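In what follows, a single structure is set out as structure tokens and then discussed.
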Amino acid sequence: MLSNFIAPDSSDPRLNIKSRYQMLVDGKSVDAESGRTIDRVSPGHAGVVVGTWPEASADDVRLAVAAARRAFDAGPWPRMSGAERSRLMFKVADLILKHQEELALAESLEVGKPIAQARGEIGFCADLWSYAAGQARALEGQAHNNIGDDRLGLVLREAVGVVGIITPWNFPFIIASERVPWAIGAGCTVVLKPSEFTSGTSIRMAELAREAGIPDGVFNVVTGYGDPAGQVLAEDPGVDMVAFTGSVRVGTKLGEIAARSVKRVGLELGGKGPQIVFADADLEAAADGIAYGVYHNGGQCCISGSRLLVQDGIRDALMERLLDISRKVTFGDPLNDRTKIGAMISEAHVGKVHSYVEAGIASGAELLLGGERVGKDKGIYYAPTVFAGVKPEMSIAREEIFGPVLSTLTFKTADEAVALANASEFGLSASVWSTNLENAMQSIRRIRAGRCWINSVIDGTPELPIGGYKKSGLGRELGRYGFDEYSQFKGVHVTFGRPAPWFG
């Protein structure tokens, strides 16, 4: 066993949580009509069931959509002032902080992420709700007073309607918090369908919203599998927009479904984020950031910095520092506060990650570290893994692995670095490490990615938008731009007095 592996403690009393959840529809906690449920076994603790939630049928989803439709068409929420909506949303943020430890524990057990990371994420989600709450009363349209003495032009901002939000398993509470408060802050109503792997904290979010006073039907949660629950949510004519975060394959399918009914769709899909390190970079900071960028959440992160592009001349010095960190970084038990890398989400997924590692070796890449599963009888864990000598055409350089696997390539010039960064079907994120701000900024300007960092990685704030280029998605979330995703804009021409006659 590797010395930096922290074996899970099967006697930890927190493993006795086994929470039993219900869906939230029209303000009521309900089971699936069939009575069927889904058990979640902690990926970090072999055989331990940590949550149970309903397995929704197509009819269950339709009931939730009907509730959201009524709440939008006839309920008070879209007709409230921004100040009224803001006040209730601030209460949700406060309740999230009040329940931070409970939510962090559930998130850690369901996803397998380190408990310390989960605590930080829950705190960040409260900030997301607070920002959206503050902006909800500041949303505005436009007035055009320069189109003639007898005319006035208005642009009215209106809510898009009922939004179906489908979230993945890797960051269930964060990704829901990046979408739900912006949607309801704009005046929409929501049906949220979280992953069947990690539904508990999404249900708790809706319950806290109910406790805060959000009206019935505004925030509904249905749990179950993508087929039928997710598909029916996308197809239902009562849904005006679908917002999806997940794989390109599923996002493409949902886009096709939405197109058939000319339904708005927002997509945040895959990534293969480059981390470019120039020769003038602070190598200690860069090595630490690179490790964080690829190992955060076990690499199960769409904005993971999984492609390292390092300038000739500093490769050996950088790799020495990076490998030292990679050999020492603690991974294993999600409930241990010292753990930096937790468990993988499922047996099927860790098998997929390992198949990429095997493909990298077979294609001639040099495996410098890791490449193996650890503690198989204790949970689903994979060792930090580093490749060198990677060529752009290799699958480990092109495809999203979604695991703690770093692929290292080299470059000579800034032009070559940008070309390598853009040689991907994805464009979700990118990092540049350089002490020359002009060089870093000019490189970032040329990289086709929607979420970029200079001398950091996987950083975020509610004020800045997120989203992708190319196959990484459509639309933008967060910031003021995020409210535009969930808004319609209506042009109104006002004429004063009697207009000139058309006939006569």
Side-chain angles (χ1 to χ4, degrees), residues 23-26 32-33 55-75 77-79 156-168 175-176 178-180 182-196 202 206 217-270 467-468 470-477 481-491:
M23 300 184 295
L24 196 77
V25 176
D26 205 14
E33 286 189 336
E55 181 187 336
S57 67
D59 287 340
D60 293 318
V61 177
R62 293 187 185 105
L63 287 172
V65 172
R69 187 81 260 168
R70 288 192 301 272
F72 184 78
D73 292 341
W77 187 254
R79 293 153 193 87
L156 304 184
R157 178 191 292 266
E158 299 178 351
V160 76
V162 176
V163 182
I165 299 178
I166 302 173
T167 53
I175 293 176
E178 289 175 339
R179 283 143 184 81
V180 174
W182 271 258
I184 69 174
C188 299
T189 60
V190 164
V191 179
L192 171 64
K193 207 297 284 185
S195 167
E196 66 274 13
S202 298
V218 172
F219 186 3
N220 308 274
V221 178
V222 292
T223 54
Y225 297 101
D227 184 9
Q231 182 163 337
V232 170
L233 184 57
E235 292 174 337
D236 196 300
V239 173
D240 298 295
M241 175 182 175
V242 177
F244 170 78
T245 305
S247 70
V248 173
R249 179 184 62 82
V250 177
T252 301
K253 181 178 179 181
L254 289 174
E256 292 170 350
I257 291 171
R260 291 199 290 266
S261 57
V262 197
K263 186 177 298 185
R264 185 182 296 191
V265 62
L267 302 172
E268 184 178 332
L269 307 177
K470 299 184 279 189
K471 286 189 177 180
S472 286
L474 300 170
R476 292 294 180 267
E477 305 287 348
Y481 299 98
F483 289 101
D484 292 351
E485 286 291 301
Y486 302 102
S487 300
Q488 295 276 24
F489 295 91
K490 179 182 291 182

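For clarity, every value in this text was computed on a predicted model and none was experimentally measured.
Atom-to-atom distance recorded for L254:CG and L267:CG is 7.5 Å, nearest 0.5 angstrom. Atoms OG1 and CZ, from T189 and R70 in turn, are 10.5 Å apart once rounded to the nearest 0.5 Å. Taken to the nearest 0.5 Å, the NZ atom of K193 stands 13.0 Å off from the CD1 atom of I165.
A donor-acceptor contact shorter than 3.5 Å links the side chain of R476 to the backbone of G468. Side-chain atoms of R79 come within 3.5 Å of backbone atoms of F72 as a donor-acceptor pair (strictly under, hydrogens ignored). Not a single donor-acceptor pair under 3.5 Å links the side chain of K263 to the backbone N or O of V242. Of the possible polar contacts, one joining the D60 side chain to the S57 backbone as a donor-acceptor pair under 3.5 Å is found.
Scanning both residues, Y486 and R264, for their nearest heavy atoms gives N-NH1, 4.2 Å. What you find for V25 and A67 is that their closest heavy atoms are CG1-CB, 4.3 Å. Taking all atoms of both residues into account, the shortest heavy-atom contact from C188 to V218 is O-CG1, 4.2 Å.
When the options T245, I166, I184 are evaluated for a side chain to side chain contact (heavy atoms under 4.5 Å, CB included) with R179, the one that passes is T245. None of V191, D236, D240 except one satisfies the side chain to side chain contact (heavy atoms under 4.5 Å, CB included) rule with R69; the exception is D240.
In this structure, E55 has no side-chain hydrogen bond (donor to acceptor under 3.5 Å, both in side chains) partners at least two apart in sequence or on a different chain.
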Using atom types as modelled, flag every donor-acceptor pair under 3.5 Å from a side chain in residues 219-228 to any protein atom, sequence neighbours excluded.
from, atom 1, to, atom 2, distance (Å)
N220, OD1, D26, N, 2.8
N220, ND2, V190, O, 3.0
N220, ND2, G217, O, 2.8
T223, OG1, P54, O, 2.7

